[in-house]
Enquirer: 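Can you keep this structure in mind? I'll have questions shortly.
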Amino acid sequence: MKRHEIRVVAGVIERDGMVLVGQRRAGDRFQYKWEFPGGKIEPDEDPKEALARELREELGIEAEIGEEMARYEHQYPGKTAILLIFLRVPAFTGVPENHVFESIQWVDREQLPGMDFLDGDVDFVRRLARGMFRMAAGG
């Protein structure tokens, strides 16, 4: 990991062939852009631990964190590089409640590219929509 790089984890939460995404609130940086739930990984935190914590905070769910689906670096103009780590969330307990987003939606993965995602997520969204990642068993 680069010294000044920010590490961010994103959860791909699946249910019945759909994926849960959140829309950033008005007034937030990149307002109204869609993203996968998740957030920054603390310095001493494992990515899976970070995602479980973020999903508790953002959606009020206890999640089973699965395998890493993708990892790559993205840099917004004039900002520190971000290492994006996408992890599968094959199961969770509780009902997702919106604690931090403008809205949350279950979306068929083929519809994801038509949504206005954060620039850093676009590459992953395209690959997910093309079926480059299998959906969770029974999902």
Side-chain angles (χ1 to χ4, degrees):
M1 177 178 91
K2 292 188 179 89
R3 194 171 212 195
H4 301 292
E5 182 176 64
I6 296 168
R7 297 182 308 150
V8 173
V9 68
V12 181
I13 304 170
E14 303 164 330
R15 183 181 74 187
D16 301 325
M18 309 287 267
V19 178
L20 186 68
V21 293
Q23 187 179 40
R24 290 199 169 197
R25 285 188 170 153
D28 284 359
R29 192 160 170 245
F30 305 117
Q31 65 181 357
Y32 302 123
K33 291 274 190 180
W34 290 93
E35 64 183 343
F36 296 94
K40 288 182 184 161
I41 301 171
E42 300 298 332
D44 297 329
E45 210 171 24
D46 170 85
K48 289 185 177 188
E49 292 169 358
L51 183 57
R53 175 184 51 76
E54 289 284 350
L55 295 180
R56 252 185 248 104
E57 293 170 5
E58 295 183 357
L59 301 170
I61 61 174
E62 290 299 321
E64 174 189 321
I65 310 301
E67 78 271 16
E68 184 175 307
M69 298 173 75
R71 170 187 296 233
Y72 58 84
E73 193 174 275
H74 183 78
Q75 188 158 8
Y76 290 94
K79 298 290 178 187
T80 302
I82 299 170
L83 177 65
L84 293 165
I85 302 169
F86 295 87
L87 297 172
R88 184 182 307 282
V89 180
F92 60 88
T93 56
V95 176
E97 296 173 1
N98 180 7
H99 294 290
V100 298
F101 297 104
E102 185 75 22
S103 68
I104 57 174
Q105 273 184 23
W106 289 101
V107 181
D108 184 296
R109 68 178 179 176
E110 292 171 4
Q111 295 175 317
L112 294 172
M115 300 172 77
D116 189 16
F117 268 86
L118 289 170
D119 290 350
D121 290 354
V122 169
D123 179 61
F124 179 79
V125 164
R126 286 188 189 129
R127 290 190 284 159
L128 184 64
R130 285 199 306 257
M132 295 180 74
F133 306 103
R134 63 171 180 76
M135 293 295 272

Enquirer: Is there a donor-acceptor contact under 3.5 Å from the side chain of Glu58 to the main chain of Gly38?
Expert: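 Yes, the answer is positive, given that a donor and an acceptor are paired below the 3.5 Å cut-off.
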
Enquirer: Closest heavy-atom contact between Lys40 and Arg53?
Expert: O-NH2, 3.2 Å

Enquirer: Could you tell me which non-hydrogen atom of Glu35 sits nearest to which non-hydrogen atom of Leu118, and how far apart they are?
Expert: OE1-CD1, 3.4 Å

Enquirer: For a quick test of reading the model, state the closest non-hydrogen atom pair linking Leu55 to Ala63 and the distance between them.
Expert: CD1-CB, 3.6 Å

Enquirer: Once you round to the nearest 0.5 Å, how far does CG of Leu112 lie from CE of Met18?
Expert: 9.5 Å

Enquirer: Could you give the distance from OG (Ser103) to CZ (Arg25), rounded to the nearest 0.5 Å?
Expert: 10.5 Å

Enquirer: Is there a side-chain contact (heavy atoms from CB on, under 4.5 Å) between Val8 and Leu84 once you walk through the steps?
Expert: CA-CA 5 Å; Val8 173; Leu84 293 165; 4.1 Å; yes

Enquirer: Tell me whether the rings of Phe124 and Phe36 are parallel (<30°), tilted (30 to 60°) or perpendicular (>60°).
Expert: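 Ring orientation, 0 to 90° scale: perpendicular.
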
Enquirer: Are Phe117 and Tyr32 connected in a single hydrophobic cluster, I mean Ile/Leu/Val/Met/Phe/Trp/Tyr linked by side-chain heavy atoms less than 4.5 Å apart?
Expert: no

Enquirer: Measure the CD1-CD distance between Ile85 and Glu73 for me, rounded to the nearest 0.5 Å.
Expert: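 CD of Glu73 is found 11.5 Å from CD1 of Ile85.
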
Enquirer: To the nearest 0.5 Å, what is the distance between CD on Glu67 and NZ on Lys48?
Expert: 8.0 Å

Enquirer: Find the distance between CD1 (Ile61) and CG (Leu20) and round it off to the nearest 0.5 Å.
Expert: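 It is 7.0 Å, given to the nearest 0.5 Å.
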
Enquirer: Can you tell me if CZ on Arg130 sees more than 12 non-hydrogen neighbours from other groups inside 6.0 Å?
Expert: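 Yes - once you tally the heavy atoms of other residues, nucleotides and ligands closer than 6.0 Å, there are more than 12.
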
Enquirer: Got more than 12 heavy atoms from elsewhere within 6.0 Å of CD, Gln75?
Expert: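 More than 12 heavy atoms, drawn from other residues, nucleotides or ligands, come within 6.0 Å of this atom.
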
Enquirer: Does any N or O in the side chain of Arg71 come within less than 3.5 Å of the main-chain N or O of Leu83, such that one atom is a donor and the other an acceptor?
Expert: no

Enquirer: Taking all non-hydrogen atoms of both residues, which atom of Phe133 and which atom of Met69 are closest, and how far apart?
Expert: CE2-O, 3.1 Å

Enquirer: Side-chain contact test, heavy atoms from C-beta onward, threshold under 4.5 Å: evaluate it for Arg56 versus Glu62 and give yes or no.
Expert: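 In short, these two side chains touch, coming nearer than 4.5 Å.
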
Enquirer: Quick one: are the ring centres of Tyr76 and His74 less than 6.0 Å apart?
Expert: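 Yes, they do, as the ring centres are separated by less than 6.0 Å.
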
Enquirer: State, to 0.1 Å, how close Gln23 and Phe101 come at their nearest heavy-atom pair, and which atoms those are.
Expert: O-CB, 3.3 Å

Enquirer: Write down the atom of Ile65, the atom of Ala52, and the distance for their closest heavy-atom approach.
Expert: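 In terms of heavy atoms, the two residues are closest at CD1-N, 4.0 Å.
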
Enquirer: Could you grab the distance from atom CD1 of Ile41 to atom CD of Glu49, nearest 0.5 Å is fine?
Expert: 10.0 Å

